[in-house]
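Here the structure is laid out as structure tokens; the discussion comes afterwards.
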Amino acid sequence: QVLLACKAVALAWNWPRIALLLHLGFFCLLRPGELLGLRRSSILLNTTEKGVVWLLRIEKAKSWSRRARAQYAKLDEQQGCAFCEAFVKTMRPLDLLWPSSAGAFGVRLQALVRAVTGRPGPYTAGSLRTGGATYLFDQWQEDLPRLCWRGRWREFSTVWHYVQELQSVVV
């Protein structure tokens with residue numbers, strides 16, 4: 001709910017890049033450096049009978065020196081994709097999705113959280129990956145192999161710290 005509200009406020013404030021980054025960071029389980037380093041050319045749009053599927057090419061993933069140089073994240077969450085697709089299509093291929101600093105992104109994120117919740121929150125760009133992992137873990141009925149693929153984790157144990165407290169929060 002916080003993500004959806006922050007996206008809505010970002011759009012109301014005419015911050016479409018922030019809304020796009022919130023959506024991508026959350027549903028693609030991106031690390032802050034991966035998110036803020038994306039270019040328009042990193043996004044592959046594929047139209048299928050189910051709609052548009054996005055594939056993000058992550059050039060410098062955290063583990064790029066130990067694994068494939070480029071890793072991929074899939075976005076198939078259609079809610080909000082129409083807006084994202086329309087915005088992305090207006091960009092030039094080498095445009096950064098976020099052309100400013102990480103600090104500037106953090107300041108805007110905190111402004112959104114304050115507008116939505118009425119107080120400063122503990123949310124950072126890293127919260128998008130954690131929030132997305134716990135959301136998908138719950139939505140997919142605890143399907144760990146699928147979640148590990150989405151988050152680009154090789155071991156189940158790596159994902160535990162993202163989802164281990166989910167049930168206590170839900171209860």
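Quantities reported herein were computed from a predicted structural model and do not represent experimental measurements. All values below come from the heavy atoms of this structure, side chains included, with hydrogens, waters and symmetry mates left out. Here, residue 1 is the first one in the sequence, and each next residue gets the next number.
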Test Leu75 against Cys28 for side-chain contact (heavy atoms from CB on, under 4.5 Å), laying out the working first.
-> CA-CA 6 Å; Leu75 175 67; Cys28 293; 3.6 Å; yes

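- When atom types are taken as modelled, the side chain of Asp143 and the backbone of Trp140 share no donor-acceptor pair closer than 3.5 angstrom.
- Side-chain contact between Leu36 and Phe105: present, with at least one pair of heavy atoms (C-beta onward) separated by less than 4.5 Å.
- Atom CH2 of residue Trp13 and atom CZ of residue Arg108 lie 11.0 Å apart, to the nearest 0.5 angstrom.
- No path of Ile, Leu, Val, Met, Phe, Trp and Tyr side chains, each step under 4.5 Å between heavy atoms, connects Leu38 with Leu44, placing them in separate hydrophobic clusters.
- Taking hydrophobic clusters as Ile, Leu, Val, Met, Phe, Trp and Tyr residues chained together by side-chain heavy-atom distances below 4.5 Å, Leu136 shares a cluster with Leu144.
- At least one donor-acceptor pair under 3.5 Å links the side chain of Arg150 to the backbone N or O of Lys74.
- Atom OH of Tyr123 is surrounded by 12 or fewer heavy atoms from other residues, nucleotides or ligands within 6.0 Å.
- Using a 4.5 Å heavy-atom threshold, the side chains of Thr124 and Pro32 count as separate.
- The closest side-chain heavy-atom distance from Leu128 to Leu3 is below 4.5 Å.
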Going through the distances and angles, do Arg154 and Trp149 end up as a side-chain contact (heavy atoms from CB on, under 4.5 Å)?
-> CA-CA 8 Å; Arg154 282 184 15 190; Trp149 182 87; over 6 Å; no

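- Judged by a 6.0 Å distance limit and a 45° cone about the ring axis, Arg17 is not positioned over the six-membered ring of Trp98.
- Closest non-hydrogen pair, Ile18 versus Ala10, comes out as CG2-CB, 4.2 Å.
- Atom CG of Leu11 is separated from atom CG of Leu20 by 10.0 Å, given to the nearest 0.5 angstrom.
- Using a 4.5 Å heavy-atom threshold, the side chains of Gln141 and Arg146 count as separate.
- Side-chain contact between Leu22 and Leu109: present, with at least one pair of heavy atoms (C-beta onward) separated by less than 4.5 Å.
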For the pair Leu112 and Trp15, evaluate side-chain contact (heavy atoms from CB on, under 4.5 Å) and give the outcome as yes or no after the intermediate values.
-> CA-CA 10 Å; Leu112 290 171; Trp15 291 355; 4.0 Å; yes

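- In terms of modelled atom types and a separation under 3.5 Å, the side chain of Arg39 and the main chain of Leu94 share a donor-acceptor contact.
- Ring orientation note: the planes of Trp160 and Phe137 are nearly perpendicular, at an angle over 60° on the 30°/60° scale.
- Rounding to the nearest 0.5 Å places OG1 of Thr90 at 8.5 Å from CG of Asp95.
- Separating the CZ atom in Arg152 from the CD atom in Gln71 is a distance of 6.0 Å, to the nearest 0.5 Å.
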Could you go through the side-chain contact (heavy atoms from CB on, under 4.5 Å) check for Arg40 and Val88 one step at a time?
-> CA-CA 7 Å; Arg40 167 55 185 101; Val88 163; 3.0 Å; yes

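- Rounded to the nearest 0.5 angstrom, Cys6 SG and His23 NE2 are separated by 14.5 Å.
- Cluster annotation: Phe27 and Leu45 are assigned to the same hydrophobic cluster (Ile/Leu/Val/Met/Phe/Trp/Tyr, side-chain heavy-atom contacts under 4.5 Å, transitive).
- The shortest distance between side-chain heavy atoms of Leu24 and Trp54 falls below 4.5 Å.
- The pair Glu34-Arg57 fails the salt-bridge criterion, with no side-chain N (NZ, NE, NH1 or NH2) lying under 4.0 Å from an Asp/Glu carboxylate O.
- For the pair Cys148 and Phe156, the minimum side-chain heavy-atom distance is below 4.5 Å.
- Note: Glu85 CD to Ile43 CD1 = 10.5 Å, rounded to the nearest 0.5 Å.
- No side-chain heavy atom of Gln1 sits less than 4.5 Å from a side-chain heavy atom of Leu4.
- Summarising the geometry of Ile58 relative to Ala73, their closest heavy-atom pair is CD1-CB, 4.0 Å, with the distance given to 0.1 Å.
- Residues Ala104 and Ser101 share a closest heavy-atom pair of N-OG, 3.0 Å.
- When the side chains of ILVMFWY residues are joined at heavy-atom separations under 4.5 Å, either directly or via intervening members, Leu55 and Leu97 end up in two distinct hydrophobic clusters.
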